[in-house]
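Read through the structure below, which is laid out as C-alpha coordinates, and then see the notes.
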Protein chains: 2
Amino acid sequence: VTPAPASPSRRTPGRRPGGPDTRGEIVSAARESFADKGFAATSLRAVARQAGVDAALVHHYFDSKDELFIEAMALPLDPRQVAAAILDGPRAELGRRIVTIFLGVWESDEGRQRMTAMLRSVVTSDEVARLMREGITKMILEPVSQFLDGADAKLRVGLIAGHVIGVALTRYVIELEPIADADLTTLIERIAPAIQQYVDS
Amino acid sequence: VTPAPASPSRRTPGRRPGGPDTRGEIVSAARESFADKGFAATSLRAVARQAGVDAALVHHYFDSKDELFIEAMALPLDPRQVAAAILDGPRAELGRRIVTIFLGVWESDEGRQRMTAMLRSVVTSDEVARLMREGITKMILEPVSQFLDGADAKLRVGLIAGHVIGVALTRYVIELEPIADADLTTLIERIAPAIQQYVDS
(Lines give C-alpha, C1' and ligand atoms only; values in the text may rest on other atoms or scores of the structure.)
Protein backbone atom coordinates (compact mmCIF):
# COMPACT_ATOMS: atom_id res chain seq x y z
CA VAL A 1 0.00 0.00 0.00
CA THR A 2 1.48 3.32 -1.09
CA PRO A 3 -0.75 6.15 0.12
CA ALA A 4 -0.97 9.30 -1.96
CA PRO A 5 1.17 12.18 -0.69
CA ALA A 6 -0.75 14.39 1.70
CA SER A 7 -1.05 18.10 1.20
CA PRO A 8 -1.96 20.30 4.18
CA SER A 9 -4.51 22.22 2.12
CA ARG A 10 -6.26 19.13 0.76
CA ARG A 11 -9.41 18.10 2.62
CA THR A 12 -11.02 14.77 1.85
CA PRO A 13 -14.49 13.71 3.05
CA GLY A 14 -12.83 11.22 5.40
CA ARG A 15 -10.74 13.88 7.09
CA ARG A 16 -12.53 14.82 10.27
CA PRO A 17 -11.69 17.73 12.54
CA GLY A 18 -11.58 15.51 15.61
CA GLY A 19 -14.72 13.84 16.94
CA PRO A 20 -15.13 11.57 19.97
CA ASP A 21 -13.66 8.54 18.13
CA THR A 22 -10.76 10.34 16.50
CA ARG A 23 -8.20 9.41 19.13
CA GLY A 24 -9.16 5.74 18.89
CA GLU A 25 -9.01 5.85 15.11
CA ILE A 26 -5.52 7.32 15.23
CA VAL A 27 -4.39 4.56 17.62
CA SER A 28 -5.97 1.94 15.39
CA ALA A 29 -4.25 3.26 12.28
CA ALA A 30 -0.96 3.46 14.18
CA ARG A 31 -1.24 -0.12 15.42
CA GLU A 32 -1.77 -1.31 11.87
CA SER A 33 1.17 0.67 10.54
CA PHE A 34 3.57 -0.31 13.37
CA ALA A 35 2.66 -3.97 12.88
CA ASP A 36 2.87 -3.77 9.11
CA LYS A 37 5.92 -1.57 8.56
CA GLY A 38 7.62 -1.51 11.95
CA PHE A 39 8.37 1.40 14.26
CA ALA A 40 11.08 3.15 12.24
CA ALA A 41 9.17 3.18 8.93
CA THR A 42 5.97 4.52 10.49
CA SER A 43 5.56 8.29 10.40
CA LEU A 44 2.98 10.32 12.31
CA ARG A 45 2.06 11.92 8.98
CA ALA A 46 1.30 8.53 7.41
CA VAL A 47 -0.72 7.52 10.47
CA ALA A 48 -2.75 10.74 10.18
CA ARG A 49 -3.40 10.01 6.49
CA GLN A 50 -4.44 6.45 7.29
CA ALA A 51 -6.81 7.63 10.03
CA GLY A 52 -8.20 10.34 7.75
CA VAL A 53 -7.25 13.21 10.06
CA ASP A 54 -4.90 16.15 9.93
CA ALA A 55 -1.33 15.52 11.13
CA ALA A 56 -1.73 18.39 13.63
CA LEU A 57 -4.48 16.42 15.33
CA VAL A 58 -2.16 13.46 15.86
CA HIS A 59 0.29 15.85 17.52
CA HIS A 60 -2.56 17.25 19.59
CA TYR A 61 -3.24 13.82 21.11
CA PHE A 62 0.28 12.39 21.20
CA ASP A 63 3.52 14.16 22.07
CA SER A 64 5.66 11.70 20.13
CA LYS A 65 5.74 8.52 18.08
CA ASP A 66 6.81 6.72 21.27
CA GLU A 67 3.59 7.73 23.02
CA LEU A 68 1.52 6.58 20.09
CA PHE A 69 3.43 3.30 19.99
CA ILE A 70 2.85 2.62 23.70
CA GLU A 71 -0.84 3.34 23.24
CA ALA A 72 -0.94 1.05 20.17
CA MET A 73 0.60 -1.81 22.17
CA ALA A 74 -2.24 -1.47 24.73
CA LEU A 75 0.10 -2.19 27.61
CA PRO A 76 -1.12 -1.99 31.20
CA LEU A 77 1.78 0.33 31.96
CA ASP A 78 4.28 2.67 30.35
CA PRO A 79 7.40 0.60 29.58
CA ARG A 80 9.57 3.73 29.84
CA GLN A 81 8.48 4.17 33.45
CA VAL A 82 9.17 0.48 34.06
CA ALA A 83 12.67 0.80 32.59
CA ALA A 84 13.31 3.94 34.66
CA ALA A 85 12.18 2.22 37.89
CA ILE A 86 14.33 -0.82 37.10
CA LEU A 87 17.41 1.33 36.51
CA ASP A 88 16.87 3.51 39.60
CA GLY A 89 19.23 1.91 42.13
CA PRO A 90 22.49 0.00 42.51
CA ARG A 91 23.43 -2.55 39.85
CA ALA A 92 23.98 -5.18 42.55
CA GLU A 93 20.22 -5.05 43.22
CA LEU A 94 19.11 -4.91 39.59
CA GLY A 95 18.02 -8.57 39.51
CA ARG A 96 15.71 -8.07 42.46
CA ARG A 97 14.24 -4.84 41.08
CA ILE A 98 13.49 -6.45 37.71
CA VAL A 99 11.63 -9.39 39.26
CA THR A 100 9.81 -7.25 41.83
CA ILE A 101 8.61 -4.66 39.32
CA PHE A 102 7.69 -7.10 36.55
CA LEU A 103 5.78 -9.57 38.72
CA GLY A 104 4.21 -6.63 40.57
CA VAL A 105 2.43 -5.66 37.34
CA TRP A 106 0.75 -9.10 37.23
CA GLU A 107 -0.26 -9.19 40.89
CA SER A 108 -3.36 -7.01 40.67
CA ASP A 109 -6.47 -8.47 39.04
CA GLU A 110 -6.49 -5.79 36.37
CA GLY A 111 -2.79 -6.08 35.62
CA ARG A 112 -3.07 -9.82 35.34
CA GLN A 113 -6.03 -9.62 32.97
CA ARG A 114 -4.31 -7.10 30.72
CA MET A 115 -0.97 -8.93 30.69
CA THR A 116 -2.70 -12.26 29.97
CA ALA A 117 -4.64 -10.64 27.11
CA MET A 118 -1.38 -9.24 25.76
CA LEU A 119 0.34 -12.62 25.98
CA ARG A 120 -2.60 -14.22 24.16
CA SER A 121 -2.35 -11.68 21.36
CA VAL A 122 1.41 -12.14 21.10
CA VAL A 123 1.22 -15.91 20.60
CA THR A 124 -1.79 -15.83 18.27
CA SER A 125 -0.96 -12.85 16.05
CA ASP A 126 2.25 -12.28 14.10
CA GLU A 127 1.39 -8.59 13.96
CA VAL A 128 1.17 -8.24 17.72
CA ALA A 129 4.33 -10.34 18.09
CA ARG A 130 6.13 -7.85 15.87
CA LEU A 131 4.76 -4.87 17.81
CA MET A 132 5.86 -6.46 21.05
CA ARG A 133 9.28 -7.38 19.67
CA GLU A 134 9.89 -3.78 18.64
CA GLY A 135 8.47 -2.42 21.87
CA ILE A 136 10.50 -4.67 24.18
CA THR A 137 13.66 -3.96 22.18
CA LYS A 138 13.28 -0.21 22.07
CA MET A 139 11.93 0.48 25.52
CA ILE A 140 13.35 -2.26 27.72
CA LEU A 141 16.25 -4.12 26.08
CA GLU A 142 18.13 -1.11 24.80
CA PRO A 143 17.98 1.11 27.91
CA VAL A 144 18.60 -1.76 30.35
CA SER A 145 21.44 -3.32 28.33
CA GLN A 146 23.28 0.03 28.33
CA PHE A 147 23.39 -0.33 32.09
CA LEU A 148 25.25 -3.65 31.77
CA ASP A 149 28.87 -4.44 30.94
CA GLY A 150 29.97 -6.97 28.33
CA ALA A 151 29.61 -7.46 24.59
CA ASP A 152 26.53 -9.65 24.86
CA ALA A 153 24.60 -7.36 27.21
CA LYS A 154 21.56 -7.33 24.90
CA LEU A 155 21.44 -11.13 24.73
CA ARG A 156 21.60 -11.32 28.53
CA VAL A 157 18.82 -8.75 28.95
CA GLY A 158 16.77 -10.75 26.44
CA LEU A 159 17.30 -13.88 28.54
CA ILE A 160 16.24 -11.95 31.63
CA ALA A 161 13.06 -10.91 29.80
CA GLY A 162 12.54 -14.53 28.75
CA HIS A 163 12.95 -15.73 32.31
CA VAL A 164 10.51 -13.30 33.93
CA ILE A 165 7.93 -13.70 31.14
CA GLY A 166 8.17 -17.48 31.52
CA VAL A 167 7.70 -17.29 35.29
CA ALA A 168 4.65 -15.08 34.76
CA LEU A 169 3.28 -17.61 32.25
CA THR A 170 3.68 -20.53 34.67
CA ARG A 171 2.39 -18.61 37.72
CA TYR A 172 -0.50 -16.60 36.32
CA VAL A 173 -1.60 -18.41 33.15
CA ILE A 174 -0.74 -22.12 33.47
CA GLU A 175 -1.06 -21.77 37.27
CA LEU A 176 1.58 -24.41 37.84
CA GLU A 177 2.02 -25.41 41.49
CA PRO A 178 3.86 -24.58 43.69
CA ILE A 179 4.77 -21.41 41.71
CA ALA A 180 1.14 -20.26 41.43
CA ASP A 181 0.54 -20.35 45.19
CA ALA A 182 4.03 -19.29 46.27
CA ASP A 183 4.33 -16.19 48.39
CA LEU A 184 5.52 -13.33 46.16
CA THR A 185 8.45 -12.47 48.44
CA THR A 186 9.65 -16.10 48.47
CA LEU A 187 9.45 -16.17 44.70
CA ILE A 188 11.40 -12.92 44.34
CA GLU A 189 14.10 -14.23 46.72
CA ARG A 190 14.46 -17.34 44.56
CA ILE A 191 14.50 -15.68 41.13
CA ALA A 192 16.52 -12.54 41.86
CA PRO A 193 19.91 -14.36 42.04
CA ALA A 194 19.34 -16.06 38.64
CA ILE A 195 18.52 -12.69 37.08
CA GLN A 196 21.45 -11.04 38.86
CA GLN A 197 23.75 -13.65 37.33
CA TYR A 198 22.78 -12.43 33.86
CA VAL A 199 23.36 -8.84 35.03
CA ASP A 200 26.84 -9.57 36.38
CA SER A 201 28.37 -12.09 33.98
CA VAL B 1 -22.53 -35.10 34.48
CA THR B 2 -22.94 -38.45 36.23
CA PRO B 3 -22.86 -41.22 33.63
CA ALA B 4 -24.92 -44.35 34.23
CA PRO B 5 -22.88 -47.30 35.51
CA ALA B 6 -21.58 -49.43 32.66
CA SER B 7 -22.28 -53.11 32.47
CA PRO B 8 -20.12 -55.34 30.27
CA SER B 9 -23.17 -57.15 28.91
CA ARG B 10 -25.10 -53.97 28.04
CA ARG B 11 -24.71 -52.72 24.48
CA THR B 12 -26.00 -49.29 23.56
CA PRO B 13 -26.42 -48.07 19.96
CA GLY B 14 -23.50 -45.66 20.50
CA ARG B 15 -21.15 -48.43 21.57
CA ARG B 16 -19.16 -49.36 18.48
CA PRO B 17 -16.86 -52.36 18.15
CA GLY B 18 -13.96 -50.19 16.93
CA GLY B 19 -14.10 -48.40 13.58
CA PRO B 20 -11.45 -46.23 11.92
CA ASP B 21 -12.27 -43.22 14.13
CA THR B 22 -12.54 -45.09 17.40
CA ARG B 23 -9.04 -44.31 18.57
CA GLY B 24 -9.54 -40.60 17.87
CA GLU B 25 -12.87 -40.63 19.68
CA ILE B 26 -11.26 -42.20 22.73
CA VAL B 27 -8.54 -39.54 22.75
CA SER B 28 -11.15 -36.84 22.36
CA ALA B 29 -13.24 -38.16 25.24
CA ALA B 30 -10.10 -38.50 27.35
CA ARG B 31 -8.98 -34.92 26.63
CA GLU B 32 -12.37 -33.66 27.74
CA SER B 33 -12.34 -35.70 30.92
CA PHE B 34 -8.73 -34.84 31.86
CA ALA B 35 -9.46 -31.15 31.32
CA ASP B 36 -12.76 -31.30 33.17
CA LYS B 37 -12.01 -33.58 36.10
CA GLY B 38 -8.22 -33.77 36.15
CA PHE B 39 -5.90 -36.74 35.76
CA ALA B 40 -6.59 -38.54 39.04
CA ALA B 41 -10.40 -38.45 38.77
CA THR B 42 -10.43 -39.71 35.18
CA SER B 43 -10.82 -43.47 34.78
CA LEU B 44 -10.30 -45.46 31.59
CA ARG B 45 -13.75 -46.95 32.17
CA ALA B 46 -15.38 -43.50 32.25
CA VAL B 47 -13.47 -42.48 29.11
CA ALA B 48 -14.73 -45.62 27.36
CA ARG B 49 -18.29 -44.82 28.39
CA GLN B 50 -17.93 -41.23 27.21
CA ALA B 51 -16.54 -42.40 23.84
CA GLY B 52 -19.29 -45.01 23.53
CA VAL B 53 -16.88 -47.95 23.32
CA ASP B 54 -16.06 -50.96 25.45
CA ALA B 55 -13.39 -50.46 28.13
CA ALA B 56 -11.42 -53.36 26.63
CA LEU B 57 -11.04 -51.34 23.44
CA VAL B 58 -9.42 -48.46 25.35
CA HIS B 59 -6.95 -50.98 26.77
CA HIS B 60 -6.39 -52.33 23.27
CA TYR B 61 -5.20 -48.92 22.07
CA PHE B 62 -3.53 -47.61 25.24
CA ASP B 63 -1.41 -49.51 27.74
CA SER B 64 -2.13 -47.08 30.56
CA LYS B 65 -3.83 -43.87 31.57
CA ASP B 66 -0.43 -42.17 31.19
CA GLU B 67 -0.30 -43.11 27.51
CA LEU B 68 -3.80 -41.81 26.93
CA PHE B 69 -2.95 -38.61 28.77
CA ILE B 70 0.15 -37.99 26.66
CA GLU B 71 -1.88 -38.54 23.51
CA ALA B 72 -4.59 -36.20 24.80
CA MET B 73 -2.03 -33.44 25.36
CA ALA B 74 -0.97 -33.72 21.68
CA LEU B 75 2.67 -33.12 22.56
CA PRO B 76 5.37 -33.36 19.91
CA LEU B 77 7.24 -35.77 22.17
CA ASP B 78 6.79 -38.14 25.08
CA PRO B 79 7.47 -36.15 28.29
CA ARG B 80 8.54 -39.35 30.07
CA GLN B 81 11.33 -39.80 27.54
CA VAL B 82 12.28 -36.15 27.98
CA ALA B 83 12.43 -36.55 31.75
CA ALA B 84 14.47 -39.75 31.39
CA ALA B 85 16.98 -38.07 29.03
CA ILE B 86 17.27 -35.08 31.37
CA LEU B 87 17.98 -37.30 34.37
CA ASP B 88 20.48 -39.52 32.52
CA GLY B 89 23.82 -38.05 33.60
CA PRO B 90 25.60 -36.25 36.44
CA ARG B 91 23.67 -33.68 38.47
CA ALA B 92 26.43 -31.11 37.87
CA GLU B 93 25.44 -31.14 34.17
CA LEU B 94 21.67 -31.18 34.71
CA GLY B 95 21.26 -27.50 33.81
CA ARG B 96 22.94 -27.98 30.46
CA ARG B 97 20.95 -31.13 29.65
CA ILE B 98 17.63 -29.44 30.43
CA VAL B 99 18.33 -26.47 28.14
CA THR B 100 19.82 -28.62 25.37
CA ILE B 101 16.96 -31.11 25.30
CA PHE B 102 14.14 -28.60 25.69
CA LEU B 103 15.37 -26.11 23.09
CA GLY B 104 16.28 -29.05 20.82
CA VAL B 105 12.57 -29.90 20.57
CA TRP B 106 11.87 -26.42 19.16
CA GLU B 107 14.76 -26.35 16.69
CA SER B 108 13.16 -28.45 13.94
CA ASP B 109 10.41 -26.86 11.85
CA GLU B 110 7.89 -29.49 12.90
CA GLY B 111 8.81 -29.30 16.58
CA ARG B 112 8.55 -25.54 16.51
CA GLN B 113 5.14 -25.62 14.86
CA ARG B 114 3.76 -28.14 17.31
CA MET B 115 5.21 -26.43 20.37
CA THR B 116 3.92 -23.03 19.20
CA ALA B 117 0.46 -24.54 18.62
CA MET B 118 0.60 -26.01 22.11
CA LEU B 119 1.63 -22.68 23.65
CA ARG B 120 -1.24 -20.97 21.80
CA SER B 121 -3.73 -23.49 23.16
CA VAL B 122 -2.35 -23.11 26.68
CA VAL B 123 -2.78 -19.32 26.78
CA THR B 124 -6.17 -19.29 25.05
CA SER B 125 -7.91 -22.24 26.71
CA ASP B 126 -8.32 -22.85 30.43
CA GLU B 127 -8.92 -26.54 29.68
CA VAL B 128 -5.63 -26.95 27.86
CA ALA B 129 -3.89 -24.93 30.58
CA ARG B 130 -5.19 -27.41 33.14
CA LEU B 131 -4.12 -30.42 31.04
CA MET B 132 -0.67 -28.91 30.66
CA ARG B 133 -0.45 -28.05 34.35
CA GLU B 134 -1.20 -31.64 35.30
CA GLY B 135 1.06 -33.03 32.58
CA ILE B 136 4.08 -30.88 33.48
CA THR B 137 3.59 -31.63 37.17
CA LYS B 138 3.23 -35.37 36.81
CA MET B 139 5.76 -36.07 34.11
CA ILE B 140 8.43 -33.41 34.51
CA LEU B 141 8.22 -31.61 37.87
CA GLU B 142 7.77 -34.66 40.07
CA PRO B 143 10.46 -36.93 38.55
CA VAL B 144 13.01 -34.12 38.13
CA SER B 145 12.45 -32.62 41.59
CA GLN B 146 13.10 -36.02 43.19
CA PHE B 147 16.57 -35.73 41.69
CA LEU B 148 17.19 -32.46 43.58
CA ASP B 149 17.98 -31.78 47.23
CA GLY B 150 16.18 -29.23 49.37
CA ALA B 151 12.65 -28.66 50.63
CA ASP B 152 11.66 -26.36 47.78
CA ALA B 153 12.88 -28.64 44.97
CA LYS B 154 9.50 -28.53 43.21
CA LEU B 155 9.43 -24.75 43.25
CA ARG B 156 12.93 -24.64 41.77
CA VAL B 157 12.06 -27.14 39.02
CA GLY B 158 8.97 -25.03 38.28
CA LEU B 159 11.18 -21.95 37.93
CA ILE B 160 13.48 -23.91 35.62
CA ALA B 161 10.44 -24.82 33.50
CA GLY B 162 9.37 -21.19 33.54
CA HIS B 163 12.80 -20.04 32.41
CA VAL B 164 13.16 -22.43 29.47
CA ILE B 165 9.55 -21.91 28.33
CA GLY B 166 10.10 -18.14 28.46
CA VAL B 167 13.31 -18.39 26.43
CA ALA B 168 11.47 -20.50 23.84
CA LEU B 169 8.69 -17.90 23.72
CA THR B 170 11.13 -15.03 23.10
CA ARG B 171 13.28 -16.96 20.60
CA TYR B 172 10.71 -18.87 18.55
CA VAL B 173 7.44 -16.98 18.94
CA ILE B 174 8.19 -13.30 19.64
CA GLU B 175 11.49 -13.70 17.74
CA LEU B 176 13.19 -11.14 19.93
CA GLU B 177 16.71 -10.23 18.79
CA PRO B 178 19.47 -11.15 19.50
CA ILE B 179 17.98 -14.31 21.11
CA ALA B 180 16.15 -15.34 17.93
CA ASP B 181 19.30 -15.31 15.79
CA ALA B 182 21.72 -16.49 18.45
CA ASP B 183 23.68 -19.64 17.77
CA LEU B 184 22.08 -22.48 19.75
CA THR B 185 25.37 -23.46 21.41
CA THR B 186 26.01 -19.88 22.55
CA LEU B 187 22.52 -19.74 23.98
CA ILE B 188 22.93 -23.03 25.84
CA GLU B 189 26.27 -21.84 27.30
CA ARG B 190 24.56 -18.71 28.59
CA ILE B 191 21.43 -20.30 30.06
CA ALA B 192 22.86 -23.52 31.53
CA PRO B 193 24.51 -21.79 34.55
CA ALA B 194 21.26 -20.01 35.50
CA ILE B 195 19.39 -23.34 35.38
CA GLN B 196 22.18 -25.11 37.24
CA GLN B 197 21.88 -22.53 40.02
CA TYR B 198 18.29 -23.65 40.59
CA VAL B 199 19.47 -27.28 40.57
CA ASP B 200 22.21 -26.68 43.15
CA SER B 201 20.75 -24.18 45.59
Side-chain angles (χ1 to χ4, degrees), chain A residues 95 99 116-126 128-137 140-141 145 152-183 186-187 189-191 193-198 201, chain B residues 95 99 116-126 128-137 140-141 145 152-183 186-187 189-191 193-198 201:
Chain A
V99 184
T116 304
M118 194 196 72
L119 201 54
R120 277 194 187 123
S121 307
V122 164
V123 298
T124 51
S125 154
D126 287 346
V128 178
R130 177 168 182 178
L131 265 183
M132 206 48 61
R133 181 162 70 240
E134 292 225 9
I136 295 173
T137 302
I140 305 279
L141 249 63
S145 64
D152 62 351
K154 253 175 136 175
L155 179 68
R156 282 146 54 209
V157 179
L159 293 173
I160 291 173
H163 192 167
V164 293
I165 291 170
V167 169
L169 181 68
T170 51
R171 177 173 168 91
Y172 305 104
V173 183
I174 304 181
E175 298 183 13
L176 190 71
E177 292 303 346
I179 295 182
D181 270 353
D183 173 69
T186 308
L187 211 57
E189 288 304 314
R190 264 288 167 214
I191 305 167
I195 303 295
Q196 191 65 34
Q197 182 183 287
Y198 286 124
S201 68
Chain B
V99 184
T116 304
M118 195 196 71
L119 201 54
R120 274 190 191 129
S121 307
V122 165
V123 299
T124 51
S125 153
D126 287 344
V128 178
R130 176 167 183 179
L131 264 183
M132 205 50 59
R133 180 162 72 239
E134 293 227 7
I136 295 174
T137 302
I140 306 278
L141 248 63
S145 64
D152 62 350
K154 255 174 133 176
L155 179 68
R156 282 145 56 208
V157 179
L159 293 173
I160 291 173
H163 193 168
V164 294
I165 292 170
V167 169
L169 180 68
T170 50
R171 177 173 169 91
Y172 305 105
V173 182
I174 305 181
E175 299 184 12
L176 189 71
E177 295 301 347
I179 295 182
D181 270 354
D183 173 67
T186 307
L187 211 56
E189 289 303 314
R190 263 289 169 214
I191 304 168
I195 303 295
Q196 191 65 35
Q197 181 183 287
Y198 286 125
S201 69

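These numbers come from a predicted model, not from an experiment. The sequence lines fix the lettering, A, B, ..., with proteins before strands; numbering per chain opens at 1.
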Just give me the residue among Val157(A), Asp126(A), Thr124(A), Val164(A) that pairs up with chain B most often, heavy atom to heavy atom, under 4.5 Å.
Thr124(A)
I'd like to know which of Thr137(A), Ile191(A), Thr170(A), Ile136(A) tops the heavy-atom pair count under 4.5 Å against chain B.
Ile191(A)
Check [X] against [Y] and note the closest heavy-atom contact, atom names and distance.
X: Ile174(B); Y: Arg133(A); value: O-NH1, 2.8 Å
X: Arg190(B); Y: Leu155(A); value: CG-CD2, 4.1 Å
X: Val173(B); Y: Ala129(A); value: O-CB, 4.1 Å

Quick check on [X] against chain B: is it the side chain, the backbone, both or neither that has a heavy atom closer than 4.5 Å?
X: Ala194(A); answer: both
X: Glu134(A); answer: neither
X: Glu175(A); answer: both

Atom pair CG/CD1 of Leu141(A) and Ile179(B) - distance to nearest 0.5 Å:
7.5 Å
So which of Thr186(B), Asp152(B), Val122(B) has the largest heavy-atom pair count under 4.5 angstrom toward chain A?
Asp152(B)
Partner of Ile165(B) under side chain to side chain contact (heavy atoms under 4.5 Å, CB included), picked from Ile165(A), Leu176(A), Leu169(A), is Leu169(A)
Less than 4.5 Å apart, side chain to side chain, heavy atoms only: is that true for Leu159(A) and Leu187(B)?
yes
Quick check on Ile195(B) against chain A: is it the side chain, the backbone, both or neither that has a heavy atom closer than 4.5 Å?
neither
Where does Arg156(B) contact chain A at under 4.5 Å (heavy atoms): side chain, backbone, both or neither?
side chain
Classify the ring geometry of His163(A) against His163(B): parallel below 30°, tilted from 30° to 60°, perpendicular beyond 60°.
parallel
